[in-house]
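Along the sequence shown, residues are numbered consecutively beginning with 1. Quick caveat: nothing in here was measured; it's all calculated off a predicted structure.
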Amino acid sequence: MPEADEVDDDAEEMPLSLRLSIADTLTLGNATCGFMAVYFTTTGILIPHLTGSQESGMARHSAATAVILMLCAAVFDLFDGLVARKLRSSPMGAELDNLSDLISFGLAPAYFVLVYGMVADDAHQRVAAVGAIVVLLAVVLRLARFSCVTVKDGTFQGMPSPFGALTVVSIVLLELPFVATLMAILGTAWLMVSRVEYPKPRGRLAVAMLSWIVLSMGLLTAWAFDAPGGQLLLQTGCSLQLVLGAVIPLFATARRVNNFRDNRREARAAQLP
């Protein structure tokens, strides 16, 4: 019976495409961290604010936990790519990666901004909601373009979504005036959908990125437990994150200008007799 044979063949082939690799497991860890960041933002910051609780320590702990979970998601995102290149990835690997990044680096930071607009004294809730939507859409567009556009090896086009998410939450944690916070968030969203080239974290750059994430976790922990100088350490770390977000595009632009000038010189030299 040929029809029965076809059904049996399909049944045998389906599990092969659904098997998860080690890299896929790390990617699912990324998604889990993003979801839990939303959970802690809700239960530790938003709900106490809506119920009139004055426990500022709980809100500080929950904010730190939510951001640390986003940092853990960035670690998972860093290692799943490295493991996929060294070992293998399932046919679902790319789709899982995009969906997980959308949760951890799109939904979680956008929700963080939204809650900030509801609990901060000088914030405007509706305007903050617009900023949160812009962050979410920027990550959606950035991930979609990443799947469709081929760029030269070793670079990203636009600020990577993990870097953008960490920059957004750093801006919120700095507790700047609302207008300055909103403008910085919108600028970060623009960088994510821009054509500015960012290097991929490989080799020494990956080690440096991992070290920076671990250091950021330590700063957040010190701030959460109200350690001496914890607030200053947190502000210093957040400021450095913003400086990195601003300096990298400047270096990338300067490099493109220099390459353009070198190409023009070579073209002129080739035209000379």
Taking all non-hydrogen atoms of both residues into account, name the closest pair between [X] and [Y] and its distance.
{"X": "D122", "Y": "L176", "result": "OD2-O, 4.3 Å"}
{"X": "V139", "Y": "S161", "result": "CG1-CB, 4.2 Å"}
{"X": "M192", "Y": "A138", "result": "CE-CB, 4.2 Å"}
{"X": "Q157", "Y": "R142", "result": "O-NH2, 3.7 Å"}
{"X": "H49", "Y": "M118", "result": "NE2-O, 3.0 Å"}
{"X": "P162", "Y": "F105", "result": "CG-CE1, 3.6 Å"}

Heavy-atom side-chain proximity of [X] to [Y] below 4.5 angstrom:
{"X": "V113", "Y": "T181", "answer": "no"}
{"X": "F112", "Y": "L107", "answer": "no"}
{"X": "L242", "Y": "S170", "answer": "yes"}
{"X": "L102", "Y": "L143", "answer": "yes"}
{"X": "L71", "Y": "V75", "answer": "no"}
{"X": "D97", "Y": "D77", "answer": "yes"}

Taking side chain to side chain contact (heavy atoms under 4.5 Å, CB included) as the test, write out the residues that go with [X], two or more places apart.
{"X": "S194", "answer": "W190, L191, V196"}
{"X": "Q235", "answer": "L174, Q231"}
{"X": "L26", "answer": "F76, F79, D80, V83"}

Hey, what do you get for [atom1] ([X]) to [atom2] ([Y]), rounding to the nearest 0.5 Å?
{"X": "E175", "Y": "L234", "atom1": "CD", "atom2": "CG", "answer": "8.5 Å"}
{"X": "M183", "Y": "F178", "atom1": "CE", "atom2": "CZ", "answer": "11.0 Å"}
{"X": "N98", "Y": "T27", "atom1": "CG", "atom2": "OG1", "answer": "10.0 Å"}
{"X": "Y116", "Y": "L173", "atom1": "OH", "atom2": "CG", "answer": "10.5 Å"}
{"X": "F163", "Y": "T188", "atom1": "CZ", "atom2": "OG1", "answer": "9.0 Å"}
{"X": "I103", "Y": "M70", "atom1": "CD1", "atom2": "CE", "answer": "13.0 Å"}

Review point. Is the CG atom of L99 crowded by more than 12 outside heavy atoms at less than 6.0 Å?
Key: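 It does: L99 CG has more than 12 such atoms within range.
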
Check: [X] side chain, [Y] main-chain N or O, donor-acceptor pair, under 3.5 Å:
{"X": "T51", "Y": "P48", "answer": "yes"}
{"X": "S104", "Y": "N30", "answer": "yes"}
{"X": "R145", "Y": "V193", "answer": "yes"}
{"X": "R195", "Y": "G158", "answer": "no"}

What pairs of donor and acceptor atoms, side-chain ones from residues 205-219 against any protein atom, are under 3.5 angstrom apart with sequence neighbours left out?
unit_1	atom_1	unit_2	atom_2	d
S211	OG	V207	O	2.9
W212	NE1	Q241	OE1	2.9
S216	OG	W212	O	2.9

Point to revise | Hydrophobic cluster of M36, others only, ordered by chain and residue number, side-chain cut-off 4.5 Å | key: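 In the cluster with M36 are F35, Y39, F40, L69.
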
Exercise for review: I would like to know whether I185 and V172 meet side chain to side chain contact (heavy atoms under 4.5 Å, CB included); could you show each step before the answer?
Suggested key: CA-CA 8 Å; I185 289 172; V172 174; 4.2 Å; yes

Output a table of donor-acceptor pairs, distance under 3.5 Å, between side-chain atoms of residues 127-137 and any protein atom two or more places apart or on a different chain; print 'none' if there are none.
none

Point to revise | Cluster check L50, V38: I/L/V/M/F/W/Y, side chain < 4.5 angstrom | key: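 Looking at the clustering, V38 is in the same group as L50.
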
